[in-house]
Amino acid sequence: MKDLFEDLNEVQKQAVSTTEGPLMIIAGAGSGKTRVLTYRIAHLIDKGIDSFNILALTFTNKAAREMKERISSLIGGTEAKNLWMGTFHSVFARILRAEAQKLGFPSNFTIYDTQDSVNVIKKVIAEMQLDTDIYKPKQVLGRISTYKNNLITVRSYFNNPELIEADASAMRPKTGEIYRAYVERCFKSGAMDFDDLLLRTNELLTRFPEVLAKYQDRFRYIMVDEYQDTNHSQYLIVKALASRFENICVVGDDAQSIYAFRGANIKNILNFKKDYSDAKVIPLEQNYRSTQIIVEAANTVISQNKEQLDKNVWTSNPPGDKIPVYRALSDADEANYVAAEIFNLKVSQQKKNKNFAVLYRTNAQSRAIEEALRKKNIGYKVYGGLSFYQRKEIKDLLAYLRILVNPKDQEALLRIINYPTRGIGDTTVNKLIVGADKLGKSLDELLENLELYFPSLGLNKAAFDKLINFWTMIQSFQVLLKTEDVYEVAMKVAVTSGILRSLKEDDTPEGISRVENIQELMNSLQGFVEEQKQLDEGDPSLNHFLENIALASDLDSGEEEDDKVSLMTIHLAKGLEFPVVFLVGLEENLFPSQMSMNTRQELEEERRLFYVALTRAEEKAYFTYAITRFRWGKIVDGEPSRFMEEVGEKYMEVLNVNFVNSFKNNTGLDSDIFDDDFTPRNRKSLKPADSSTSGISNSPKKLKPISNATIANPIEGSISALNVGNQVLHDRFGRGEVISIEGDPDNAKAVIKFENEGEKKLLLKFAKLKVL
DNA sequence: ACATTCCCAGTTTTT
DNA sequence: CTGGGAATGT
């Protein structure tokens, strides 16, 4: 057995060896957080603590799996066998399965994904005959989610005049009613949504002290990763479980909190010391991942945030390259540049595809990149977006399987009762629903005894027969499930239900791919069965399979071995690292997103997101932005993201802004601005980047007709003509006067006194200034 | 009851 | 431009 401490620096050692009492590890980006966590767990077990008594909560399944593997390789798999490590959602889903009856849920409750939840809300809104323009299902669900994450149950909602008033004054007075109906419907369906997994756990631990005691006693050592992204509901669970032994270790980085939009509360980490007065705090500040340029650039940006804990992330790594900034003419140009650059680096530096990641703010941005990579025959994988299990054909087949496990799952039942079409139309289904409501029964109870209820439903004979046929088929699957494994059953379902047949009728490329997807689902079912059979305590049940995929993220399914460029949103990239990272779409209104510029808090979260993105890079980061971009089928103009301005020219190398022209046109500009630093080396950097790399010329003359505003190069229009004393107009800050100009031409900055915003120092190549 | 067409709204991020 | 949902036609 190796010495666990030999691979660690002093601070890390301290973090690993502090096993008793509350501990907060503030782990800067790339500071070896995962290493500390895994070693700490290994150390605990090494010390003789039974792994049965350890609970480790991670943010993704992938992180959990990787950490488990690393622990196993440190101390051997059998030692760590009983360790509970997983996401909040999966760990507490497991506990809820064991205790569900106490809460009136079946132990095989279904887990609704967001789509399911939205569908339920839609139906509720329709039944209440509310206007979906006012009650937008997604928004309503978001509201409900916020309530749940803050432990506001339906009952406490109606006891809280402030909440009722808030919804009323937001012109949505029925929100509470929808909330009530939604919760009731989920309960009747034996279903929990994502938020329920946490909310119901809280309910379980509060209402049943003996249950709380049981798990408190079991989990004597608790670790929480990514603590900055826990929401109130999660916070309370951890607090309750840890309150007996207080051996709680939380790890996080407030600078990387990027999930406020789904209820994460950064106060949890900021207030840890208040919650546990004897808490130790250990900061991990040495970054082992990135070059100095990257670390310092990231620090510079994040230092603009007001709300944060003091820390000083540093690195002893080499300085590395400056961050190239590519100004693209369009999203396609941007994508071509990225693809060309990847191609070049593969040739010149023998890099592999998997050394690259392209990170973007929104999933929709992947398209252009994909196209460019395909053209150059560079293998890539897109993570996130529409995940495999969210595809219609997959959800359809899964709905059949869900019914078998939990016949009360109304969402699933309604999805398939007439798919593939079998003559059970809306009229029939509505009669069923109304009848079920009147009789106080669930749909499956009606179908189970249809002869009995038939007279009161007002159905015709034809409909009756079709329903009987349908339900008989479902029953036959249920019988099959008792003897056959889930793969066999799923195969039978796909064939007998007619799903496969109806999909095969469609021989368009999309149709063919749908059949392939079904095939792939079958493969994964087969893989699941085999894997579970091999495990000591494997559980090859259908129930278990469905839970796995309900809580799986797209990150989990990747075959790591493949040599592919990774394309993903920044959110998904959290916790990952790549030698070379392209940060694309750095434009105002895209990143930062236009939805997130209303309050300082929102903007600070975007800034943290930028920090996360930049710190994923080990050796080299690139910034790109496009001055025009296709968005919802239209071309829209973009201007450079403020985040580049915030990074500062010190760390960036602007590739392709045509300064030569602006120099020639220079008429009244103070000459000493250029005299300073205009050495040959700098002159070289002033040239536009080699346009052959992008395949598109940078020359303004060849610009596609875009709007006038875009053709007016901000540099030509501003630097050359800009003098101290000029009156200028800025898009965001309004009118102002130029106080001074400084710096070399490609990085000239001006201090401008704005009428309303006061004095600001702006990097001219990014500030879109209009001289008045 | 079902298929086809047409229109519109939406893009922030996810367990 | 896409996908969902309504409207329309058979």
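Each chain gets a letter, A, B and so on, in the order its sequence line appears, and its residues count up from 1. What you see below is based on every heavy atom in this structure, not just the backbone, and it leaves out hydrogens, waters and symmetry mates.
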Fit a plane to each ring of A:F545 and A:Y389, take the angle between them on a 0 to 90° scale, and name the class: parallel (under 30°), tilted (30 to 60°) or perpendicular (over 60°).
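Plane angle over 60°, so perpendicular.
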Are the aromatic ring centres of [X] and [Y] under 6.0 angstrom apart?
{"X": "A:Y259", "Y": "A:F59", "value": "yes"}
{"X": "A:F187", "Y": "A:Y182", "value": "no"}
{"X": "A:H571", "Y": "A:Y383", "value": "no"}

No-hydrogen, no-angle side-chain donor-acceptor test under 3.5 Å, [X] and [Y]:
{"X": "A:E127", "Y": "A:Q129", "value": "no"}
{"X": "A:N268", "Y": "A:T230", "value": "yes"}
{"X": "A:E99", "Y": "A:Y215", "value": "yes"}
{"X": "A:S233", "Y": "A:D195", "value": "no"}
{"X": "A:S189", "Y": "A:D409", "value": "no"}
{"X": "A:T87", "Y": "A:S90", "value": "yes"}

What integer distance in Å separates [X]:[atom1] from [N]:[atom2]?
{"X": "A:K574", "N": "B:dT13", "atom1": "NZ", "atom2": "P", "answer": "16 Å"}
{"X": "A:D506", "N": "B:dT4", "atom1": "CG", "atom2": "C1'", "answer": "15 Å"}
{"X": "A:L603", "N": "B:dT13", "atom1": "CG", "atom2": "C1'", "answer": "15 Å"}
{"X": "A:D193", "N": "B:dT14", "atom1": "CG", "atom2": "P", "answer": "18 Å"}
{"X": "A:D116", "N": "B:dT15", "atom1": "CG", "atom2": "P", "answer": "16 Å"}
{"X": "A:N231", "N": "B:dT14", "atom1": "CG", "atom2": "C1'", "answer": "12 Å"}
{"X": "A:K634", "N": "B:dC8", "atom1": "NZ", "atom2": "P", "answer": "13 Å"}
{"X": "A:I417", "N": "B:dA1", "atom1": "CD1", "atom2": "P", "answer": "12 Å"}

Name the pairs: protein N/O against N/O of nucleotides 5-9 of chain C, kept only if under 3.5 Å.
unit_1, atom_1, unit_2, atom_2, d
C:dG5, OP1, A:K122, NZ, 2.5

With DNA chain B as reference, determine whether A:E605 or A:D426 sits nearer its 5' end, using the nearest nucleotide of each.
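Nearest-nucleotide comparison on DNA chain B picks A:D426.
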Could you say whether A:G423 or A:Y259 is positioned toward the 5' end of DNA chain B, judged by the nucleotide with the nearest heavy atom to each?
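Upstream on the strand: A:G423.
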What contact category does [X] fall into here, base, sugar-phosphate, or nothing, at under 4.0 angstrom with non-hydrogen atoms?
{"X": "A:F630", "value": "nothing"}
{"X": "A:N418", "value": "sugar-phosphate"}
{"X": "A:R367", "value": "sugar-phosphate"}

In whole angstrom, give me the gap between the C1' atoms of B:dT13 and C:dG4.
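Each nucleotide's C1' atom is 22 Å from the other's.
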All N/O pairs under 3.5 Å across the protein-nucleotides 5-7 of chain B interface:
none

Can a salt bridge be assigned to the pair A:R367 and A:D331 using a cut-off of 4.0 Å between side-chain N and carboxylate O?
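Judged by the 4.0 Å cut-off on N to carboxylate O distance, A:R367 and A:D331 do not form a salt bridge.
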Atom pairs, N/O to N/O, protein against nucleotides 9-12 of chain B, distance under 3.5 Å?
unit_1, atom_1, unit_2, atom_2, d
B:dT12, O2, A:R361, NH1, 3.3
B:dT12, O2, A:R361, NH2, 2.1

Could you please spell out the steps behind the ring-ring contact (aromatic ring centres under 6.0 Å, His included) verdict for A:Y419 and A:Y400?
CA-CA 10 Å; A:Y419 177 82; A:Y400 277 91; 7.6 Å; no
Compare side-chain N and O positions of A:T427 against OP1 and OP2 of B:dA1 and report whether any pair is under 4.0 Å apart.
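Checking A:T427 against B:dA1: at least one side-chain N or O falls below 4.0 Å of OP1 or OP2.
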